[in-house]
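Note that these values count all heavy atoms, side chains included, but never hydrogens, waters or copies made by symmetry. Whatever order the structure lists ligands and atoms in, that order sets their numbers, starting from 1.
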Amino acid sequence: MSSDPNCIFCKIVAGQIPSRKVHEDEELLVFHDINPWAPVHVLIVPRVHVASLAATGPEHEALLGRMLTLAPKLMQQLGVTNGFRVVVNTGRDGGQEVDHLHVHVMGGPRPWLKG
Ligand code: 5GP
Ligand code: ZN
């Protein structure tokens, strides 16, 4: 399944729900989190529906590599110069609320709301 009609991030990828985009390419979409914890808080989301990090396999190695290597480029682009935090909440006990794989990237001057 490459897209899930009930998934909020699939709807954002499809343009059915608006988002504040910061980057898009063939595989990935990046947009600002609607409820930011930090002055800069973006979500790196694959266009394809993958439920979580726990649902990834060898076929996702390149995708995961691209998601992670994009993070520092985005932070530089968004003016974050003093470090950033990368989080992948996975599963219920991991605090995952949206069941579509995503990488949180947070930065900007502290204090932050959370994290
Ligand atoms: P999780 O807890 O699954 O790791 O994180 C999901 C994140 O998605 C949360 O930080 C939440 O604020 C964000 N989020 C949920 N719904 C929307 C939405 O409709 N638009 C945007 N931009 N972010 C969302
Ligand atoms: Zn999805």
Task: Met67-Phe84 co-clustered via ILVMFWY side chain contacts under 4.5 Å - done: yes
Open item on the list: Restricting to under 2.8 Å, identify the protein N, O or S atoms around the Zn ion (ligand 2) as residue plus atom.
Closed with: Cys7 SG, Cys10 SG, His49 ND1, His100 ND1
Open item on the list: Quick check on the hydrophobic clustering: are Phe31 and Ile44 connected, directly or via other members, by side-chain heavy-atom contacts under 4.5 Å?
Closed with: no
- [ ] Kindly indicate whether the side chain of His23, heavy atoms from C-beta on, has any atom under 4.5 Å from the side chain of Val42.
- [x] no
- [ ] Classify the ring geometry between His41 and His104 as parallel (under 30°), tilted (30 to 60°) or perpendicular (over 60°).
- [x] tilted
TODO: Test side chain to side chain contact (heavy atoms under 4.5 Å, CB included) on Val48 and Val50 and set out the steps.
DONE: CA-CA 6 Å; Val48 65; Val50 179; 4.0 Å; yes
- [ ] Spell out, yes or no, whether Val87 and Leu74 are grouped together once hydrophobic residues are joined by side-chain heavy atoms under 4.5 Å, including indirect joins.
- [x] no
Open item on the list: Within the structure provided, determine whether Pro46 and Leu28 are in side-chain contact (heavy-atom separation under 4.5 Å).
Closed with: yes
Open item on the list: Is there a path of hydrophobic side-chain contacts, each under 4.5 Å between heavy atoms, that joins Val103 and Leu43?
Closed with: no
Short N or O separations between ligand 1 and the protein, below 3.5 Å:
residue: ligand 1; atom: 2 (O); partner: Gly95; partner atom: O; Å: 3.0
residue: ligand 1; atom: 2 (O); partner: Glu97; partner atom: N; Å: 3.2
residue: ligand 1; atom: 3 (O); partner: Glu97; partner atom: N; Å: 2.7
residue: ligand 1; atom: 3 (O); partner: Val98; partner atom: N; Å: 2.8
residue: ligand 1; atom: 3 (O); partner: His102; partner atom: NE2; Å: 3.1
residue: ligand 1; atom: 4 (O); partner: Asn89; partner atom: ND2; Å: 2.9
residue: ligand 1; atom: 4 (O); partner: His102; partner atom: NE2; Å: 2.8
residue: ligand 1; atom: 4 (O); partner: His104; partner atom: NE2; Å: 2.8
residue: ligand 1; atom: 5 (O); partner: His102; partner atom: NE2; Å: 3.1
residue: ligand 1; atom: 5 (O); partner: His104; partner atom: NE2; Å: 3.2
residue: ligand 1; atom: 10 (O); partner: Asp33; partner atom: OD1; Å: 3.2
residue: ligand 1; atom: 10 (O); partner: Asp33; partner atom: OD2; Å: 2.5
residue: ligand 1; atom: 12 (O); partner: Asp33; partner atom: OD1; Å: 2.5
residue: ligand 1; atom: 22 (N); partner: His32; partner atom: O; Å: 3.0
residue: ligand 1; atom: 22 (N); partner: Ile34; partner atom: N; Å: 3.4
residue: ligand 1; atom: 23 (N); partner: Ile34; partner atom: N; Å: 3.2

- [ ] Treating Ile, Leu, Val, Met, Phe, Trp and Tyr as nodes and any side-chain heavy-atom pair under 4.5 angstrom as an edge, say whether Ile8 and Leu29 lie in one connected cluster.
- [x] yes
